[in-house]
Number of protein chains: 2
Amino acid sequence: MNSYEQLLREHKIKVTPQRLSIVEELYGCVHMGIDELYMAIKKKFPSVSLATVYKNINTMLDNDFIQEIKIPNEKSKYELTKEAHSHVVCQECGKVEDIMLDLYSLSQKAENLTHYQIKEEALVFSGICPNCKAS
Amino acid sequence: MNSYEQLLREHKIKVTPQRLSIVEELYGCVHMGIDELYMAIKKKFPSVSLATVYKNINTMLDNDFIQEIKIPNEKSKYELTKEAHSHVVCQECGKVEDIMLDLYSLSQKAENLTHYQIKEEALVFSGICPNCKAS
DNA sequence: TTAAATGCAAAAAATTTGCAGACGT
DNA sequence: ACGTCTGCAAATTTTTTGCATTTAA
């Protein structure tokens, strides 16, 4: 049993070839949108249906196996769930990168200012990546 | 000429009753989704069409008159453009509040870590608002 | 007067659902 | 064997577009 299977089982998600393809695609800090994912999977798995991708994305979201990243002015992308982190997205090419930042004190400030009980934070920086800066 | 008209003109947006309704609804740190907005406007303006609301939202986004707020697990809401700020959203009732936080040093860190040139930041805290905590 | 906005209906895009057959456990 | 997943098609939902008419400047 390979590690992708293991990952799925740990989240109580039944292992199917289609689901394994999704994990393969997203493994290793990869961020993809539904269409990207669909087309990528279709290459190795031509019979896959878009509906199946949607269903599996929803299952995986429900089981906290993947996360949706909502990006200003762009469509959402998805990633495998890992420790909380923030994102940097390139406004030119759309590339997304993970970034570890300590948001604790900000979160504290937010609680003090609003009296909400803060449970999570979503932080997305937008800018220009080194590649796009060069060209 | 009232202040809503003025606001629109400052952003080079032609003044129409439908657009004035949108401004009235959003004025004063109000955050609303498309449907909410549509239904609110329909009350004072029964003939308004959903297509018009979409078109106007898009025009206003293009002209930087309003901003879209992408919220985890929820539909987007819109607000009048003002100085950069962050948001706190209640996971129970969906209420959104503005919050001023200094993200400068975080943004610097993000630049140092990723070598992106950061242009903007979107920060949304999710939690439970004081009202919902009480009940 | 002229370009742009409106409302409607239709079209397109995005997402979900129902179901028969296939598959995982 | 049982319940779940898949693929397909159809149904919804969301958003955009085309066009005739009205309206703002």
Side-chain angles (χ1 to χ4, degrees), chain A residues 1-2 4-25 32-63 65-66 68-78 94, chain B residues 1-25 32-63 65-66 68-78:
Chain A
M1 158 153 76
N2 73 46
Y4 296 149
E5 288 190 32
Q6 234 173 296
L7 265 178
L8 286 168
R9 285 190 224 280
E10 280 164 16
H11 287 258
K12 322 237 183 263
I13 299 172
K14 250 192 201 175
V15 177
T16 69
Q18 293 84 346
R19 285 170 178 177
L20 281 173
S21 305
I22 293 179
V23 185
E24 282 173 41
E25 290 299 332
M32 295 175 86
I34 292 270
D35 290 354
E36 253 175 309
L37 212 36
Y38 174 52
M39 291 189 297
I41 293 168
K42 226 174 159 52
K43 274 179 194 161
K44 294 193 172 176
F45 218 109
S47 73
V48 79
S49 127
L50 181 55
T52 297
V53 176
Y54 272 107
K55 284 172 189 169
N56 283 332
I57 288 294
N58 284 331
T59 300
M60 290 172 169
L61 285 170
D62 291 347
N63 292 51
F65 182 72
I66 62 173
E68 178 177 3
I69 308 159
K70 293 207 172 186
I71 301 172
N73 314 312
E74 291 190 43
K75 297 204 66 186
S76 289
K77 293 190 193 284
Y78 300 86
Chain B
M1 159 154 74
N2 73 46
S3 68
Y4 296 149
E5 288 190 30
Q6 233 173 297
L7 264 179
L8 286 168
R9 285 190 223 279
E10 280 165 16
H11 287 258
K12 322 240 182 262
I13 299 171
K14 249 190 202 178
V15 177
T16 68
Q18 293 84 346
R19 286 170 177 178
L20 282 172
S21 306
I22 293 179
V23 185
E24 282 173 41
E25 291 299 332
M32 296 176 86
I34 292 269
D35 290 354
E36 252 174 310
L37 213 36
Y38 175 52
M39 290 189 298
I41 293 169
K42 226 173 159 51
K43 274 180 195 159
K44 294 193 173 178
F45 218 110
S47 73
V48 79
S49 127
L50 180 55
T52 297
V53 176
Y54 272 106
K55 285 173 189 167
N56 283 333
I57 288 294
N58 285 330
T59 300
M60 290 172 170
L61 284 170
D62 291 346
N63 293 50
F65 182 72
I66 62 174
E68 179 177 3
I69 309 160
K70 293 207 172 187
I71 302 172
N73 314 313
E74 291 190 43
K75 298 204 65 185
S76 289
K77 293 191 193 284
Y78 301 87

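Note that this is a predicted model, so its numbers are computed, not measured.
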Residues in salt bridge (charged side-chain N to carboxylate O under 4.0 Å, His left out) contact with K77(B), at least two apart in sequence or another chain: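 K77(B) satisfies salt bridge (charged side-chain N to carboxylate O under 4.0 Å, His left out) with E36(B) once adjacent residues are dropped.
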Salt bridge (charged side-chain N to carboxylate O under 4.0 Å, His left out) partners for K44(B), two or more places apart: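 In terms of salt bridge (charged side-chain N to carboxylate O under 4.0 Å, His left out), with neighbours along the sequence ignored, K44(B) is linked to E24(B).
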4.5 Å side-chain heavy-atom contact, [X] and [Y]:
X: L37(B); Y: I57(B); result: yes
X: L8(B); Y: M60(B); result: yes
X: L50(A); Y: K42(A); result: no

Test I71(B) against K70(A) for side-chain contact (heavy atoms from CB on, under 4.5 Å), laying out the working first. CA-CA 7 Å; I71(B) 302 172; K70(A) 293 207 172 186; 5.7 Å; no
Listed partners of F65(B) passing ring pair (Phe, Tyr, Trp, His ring centres under 6.0 Å), at least two apart: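 Applying ring pair (Phe, Tyr, Trp, His ring centres under 6.0 Å) to F65(B) gives H11(B).
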Gap between atom OG of S49(A) and atom OH of Y54(A) - 0.5 Å precision: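 If we round to the nearest 0.5 Å, Y54(A):OH and S49(A):OG are 11.0 Å apart.
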Of the nucleotides dT15(D), dG7(D), dC5(D), which one has an atom closest to the side chain of R19(A)?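 Given the options dT15(D), dG7(D), dC5(D), the side chain of R19(A) is closest to dC5(D).
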Could you go over nucleotides 17-23 of chain D and give all protein N or O partners under 3.5 Å, atom names and distances?
unit_1	atom_1	unit_2	atom_2	d
dG18(D)	O6	K55(B)	NZ	2.9

Carefully, step by step, assess E25(B) and I41(B) under the rule side-chain contact (heavy atoms from CB on, under 4.5 Å). CA-CA 8 Å; E25(B) 291 299 332; I41(B) 293 169; 4.2 Å; yes
Between [N] ([atom2]) and [X] ([atom1]): distance, integer Å:
X: D62(B); N: dT16(D); atom1: CG; atom2: P; value: 10 Å
X: I57(B); N: dT14(D); atom1: CD1; atom2: P; value: 15 Å
X: N56(B); N: dA24(D); atom1: CG; atom2: P; value: 13 Å
X: E5(B); N: dA24(D); atom1: CD; atom2: P; value: 10 Å
X: L50(A); N: dC8(D); atom1: CG; atom2: C1'; value: 12 Å
X: K42(A); N: dC8(D); atom1: NZ; atom2: C1'; value: 11 Å
X: K12(A); N: dC5(D); atom1: NZ; atom2: P; value: 15 Å
X: K77(B); N: dT14(D); atom1: NZ; atom2: P; value: 14 Å

With sugar-phosphate meaning primed atoms plus P, OP1 and OP2, does T59(A) contact a base, only sugar-phosphate, or nothing at under 4.0 Å between heavy atoms?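 Result for T59(A) = nothing.
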Between [X] and [Y], which heavy-atom pair has the shortest distance, and what is it?
X: F45(B); Y: S21(B); result: CD1-OG, 3.9 Å
X: Y38(B); Y: V53(B); result: CD1-CG2, 3.9 Å
X: I66(A); Y: L61(A); result: O-CD2, 3.6 Å

For chain A, the stretch of DNA chain C it reaches, first to last nucleotide, under 4.0 Å of its heavy atoms: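 Range of nucleotides touched by chain A: dA14(C) to dT25(C).
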Return the 5'-most residue of the pair N58(B), Q18(A) with respect to DNA chain D, ranking by each residue's nearest nucleotide.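 Nearest-nucleotide comparison on DNA chain D picks Q18(A).
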Below the 4.0 Å mark, does dT15(D) have OP1 or OP2 next to a side-chain nitrogen or oxygen of K75(B)?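 Yes, because at least one side-chain N or O of K75(B) sits under 4.0 Å from OP1 or OP2 of dT15(D).
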Would you mind reading off the bend of the helix from dT1(C)-dA25(D) to dT25(C)-dA1(D) from its two end axes, five pairs each, to 10 degrees?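 Computed from the C1' atoms at both ends, the axes differ by 50°.
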